[in-house]
Student: 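Okay, here's the structure, questions in a sec.
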Amino acid sequence: MTVLLRPDLGALPLYQQLPTTARVQLSNNETAFPPLPRVAAALTEGLAHINRYPPVSPHAVATHLAEHLRVRAGSVAVGAGSATLLLQLMQAVVHGPSSSIVYAWRSFEAYPILVRVAGAEPRPVPLTGDLVHDLDAMLAAVRPTTRMIIVCNPNNPTGTALHRDAFAKFLAAVPEHVVVVLDEAYHEFVTDPDIPDGLELVREAAGRGNLVSLRTFSKAYGLAGLRIGYCAGPIDLIQAVTKVGVPFSVSTLAETAALISLDSADELAERCRLVRTERDRVGAALHALGHAFVPSQGNFLWLPLADRAAEFAAHSMSDGVMVRPFAGEGVRVTIGSPADNDAFLAVARTFV
C-alpha cells in the first residue's frame, strides 16, 4: 500500500539549520546571554513538575501579557514561538489553495515554507535596491485572493527597517479584509525612533482593524530553546488563532520563563544595550577593514557579498566561526559576545 502524500510537498523547501559544532556560533539570531538568573532558578525548580501537563492553552500568560502591553483583554495569543503563531494566523485566514499571501523577499526563510504548509499561494515581492520592503510593489501584488501581507520590521536578514509614515500610509491602503502581520522579532534592538511600534498601533486600533504585531521571547529575552512567542491584534482574529493552536504546545517552563522575563525590564534593557553597543563596534571595525555592510536595527549585520557569500562563509568556518550565507546574495552575522565578535573580526581581517 502506498501512502498518498500531499502532492505539493515535493516542492516544499526545508528550513536549513547549519551544524552547531563550530567554536563560535554566529549563524542563528539568538543572544549570547544565558537566561536571567531569576529565570534560571525558576526553571530549575520547575523541573520537578514536568511530569504534569501544562495548561491546554497559555491563557495566564496571554492575560498577563495583555495587561503588561496595555492592550485589550482577549487581544493577545501565545504560542510555541512566533513562527508557530504565524502559521496559526495563516491557518485562521487561508481559505484553501485559492488564497495568497504576500511577503518581501529576501526576508525570513520560514515565510515561503509556512505559506505552503498553510495551503496558500506565496507571492514574494523583491526588496528595493536599498534592501528595504518595497511597499508600493507589495500593494500592487495584492489580489482578491490575498488573505495576508507579512512585513518583517526590522527585516531578517538585511537588518533594514521601514519608517513610521511609510508604514502608516501602506497600512491605510491595504484592503480591510487583508491581515497585515508586522513581524517584530527584533524590535527590542531598535534604536531609530522613527521605526513604528506595532503594539502602539494595535493599542490605537483598540482591538479593531487588520493589524497584528508578532513578537518573540527567543531573541532579546534569551529563551530561544524554550519556544514561546506572542501576537496582539483584533480580538476576533486572536480568538481564531487560539482555536487552531495545538493543545499543550507551550510548556510550563516556557510560561514561567516568559512571565518572569516580562517583569525584568531593567535587566532586559541593559542586555539589549550591550548588544547594540557590540553591533556598532563590529560595524565600525568592518568599515575600517574596508568591508561593506548594511546598517542594522536587529541583533545581526548583513554583508552584501553577492557571489562571494559562500566563499566568505567557508573561510569563516575554516577558523571555527559559523555565519549564515545566502548563496549569491550575502552573509548574515549575528552579534555575539565580545570574544565571539572579535573572533569574527579576525576572520574578516584575513578575507581579501
Side-chain angles (χ1 to χ4, degrees), residues 15-16 26-30 81-83 85-86 89 101-115 122-139 141 148-171 174 179-199 201 211-216 218-220 229 231 272 275-276 279 282-283 292-306 309 323-335:
Y15 188 94
Q16 298 296 327
L26 300 178
S27 66
N28 295 325
N29 285 340
E30 56 204 9
S82 58
L85 279 169
L86 181 57
L89 282 161
I101 295 178
V102 175
Y103 53 90
W105 196 252
R106 175 169 291 276
S107 194
F108 180 33
E109 291 168 88
Y111 292 160
I113 301 172
L114 296 178
V115 172
R123 292 188 63 82
V125 176
L127 298 172
T128 69
D130 295 328
L131 302 180
V132 179
H133 283 56
D134 189 335
L135 296 181
D136 290 338
M138 293 179 78
L139 283 172
M148 178 184 292
I149 302 175
I150 308 171
V151 177
C152 190
N153 204 48
N155 186 48
N156 173 21
T158 60
T160 53
L162 296 166
H163 284 167
R164 196 180 310 273
D165 289 346
F167 184 72
K169 181 180 176 183
F170 166 79
L171 189 60
V174 174
V179 175
V180 177
V181 177
L182 188 60
D183 187 345
E184 300 180 289
Y186 305 97
H187 184 79
E188 291 84 1
F189 303 108
V190 167
T191 55
D192 185 344
D194 197 28
I195 293 174
D197 182 331
L199 290 173
L201 296 175
L211 175 68
V212 174
S213 170
L214 182 65
R215 298 197 180 182
T216 182
S218 294
K219 313 300 182 185
C231 62
C272 290
V275 171
R276 293 191 296 263
R279 181 181 71 192
V282 173
F293 71 96
V294 177
S296 173
Q297 290 292 316
N299 66 331
F300 53 89
L301 292 174
W302 174 253
L303 281 63
L305 288 161
V323 296
R324 192 164 191 92
F326 296 81
E329 298 178 69
V331 169
R332 189 193 70 197
V333 184
T334 301
I335 300 301

Student: Under a 3.5 Å distance rule, please check whether N153 uses its side chain to pair with a backbone N or O of L162 as donor and acceptor.
Tutor: yes
Student: Return the set of residues passing ring pair (Phe, Tyr, Trp, His ring centres under 6.0 Å) with F108 (not counting sequence neighbours), or none when no residue passes.
Tutor: Y111
Student: Partners of Q297 by side chain to side chain contact (heavy atoms under 4.5 Å, CB included), sequence neighbours excluded?
Tutor: P154, A161, V190, T191, D192, I195
Student: Would you give the length of the straight line joining atom OG of S296 to atom CG of N156, rounded to the nearest 0.5 angstrom?
Tutor: 9.5 Å
Student: Taking P193's backbone N and O only, do any of them form a donor-acceptor pair with R164's side chain (distance below 3.5 Å, no angle check)?
Tutor: yes
Student: Fit a plane to each ring of W105 and Y103, take the angle between them on a 0 to 90° scale, and name the class: parallel (under 30°), tilted (30 to 60°) or perpendicular (over 60°).
Tutor: perpendicular
Student: Looking at residues at least two apart in the chain, or sitting in another chain, which of them share a side chain to side chain contact (heavy atoms under 4.5 Å, CB included) with D130?
Tutor: T128, V132
Student: What residues form a salt bridge (charged side-chain N to carboxylate O under 4.0 Å, His left out) with R123, not counting sequence neighbours?
Tutor: E121
Student: Working to the nearest 0.5 angstrom, can you tell me the gap between L89 CG and L214 CG?
Tutor: 6.5 Å
Student: Please report the interatomic distance CG(L85) to CZ(R215), rounded to the nearest 0.5 Å.
Tutor: 13.5 Å
Student: Apply ring pair (Phe, Tyr, Trp, His ring centres under 6.0 Å) to F326 and list each qualifying residue two or more places apart in sequence or on a separate chain.
Tutor: W302
Student: With a 4.5 Å heavy-atom cut-off, do M148 and L86 have their side chains touching?
Tutor: yes
Student: Please round to the nearest 0.5 Å and tell me the distance separating atom CG of L135 and atom CZ of F167.
Tutor: 8.0 Å
Student: Shortest non-hydrogen contact from C152 to S107?
Tutor: CB-OG, 3.4 Å
Student: Under the criterion side-chain hydrogen bond (donor to acceptor under 3.5 Å, both in side chains), which of N155, T216, N29 is the partner of Y186?
Tutor: N29
Student: Roughly how far, to the nearest 0.5 Å, is SG of C272 from CG of N299?
Tutor: 9.0 Å
Student: I'd like to know if the side chain of R279 reaches the main chain of G298, judged simply by a donor and an acceptor atom lying under 3.5 Å from each other, with no hydrogens or angles considered.
Tutor: yes
Student: Using the test ring pair (Phe, Tyr, Trp, His ring centres under 6.0 Å), find all partners of F189 that sit at least two apart in sequence or belong to another chain.
Tutor: none
Student: Within the 4.5 Å heavy-atom criterion, are E188 and V275 side-chain neighbours or not?
Tutor: no
Student: Would you check if the side chain of R324 reaches a backbone N or O of N28 as a donor-acceptor pair within less than 3.5 Å?
Tutor: no
Student: Got a second to check how far L199's CG is from L211's CG, nearest 0.5 Å?
Tutor: 9.0 Å
Student: Would you say H187's side chain and D197's backbone share a donor-acceptor pair under 3.5 angstrom?
Tutor: no
Student: Test H133 against every option in V151, T158, V125 by the side-chain contact (heavy atoms from CB on, under 4.5 Å) rule and name the one that passes.
Tutor: V151
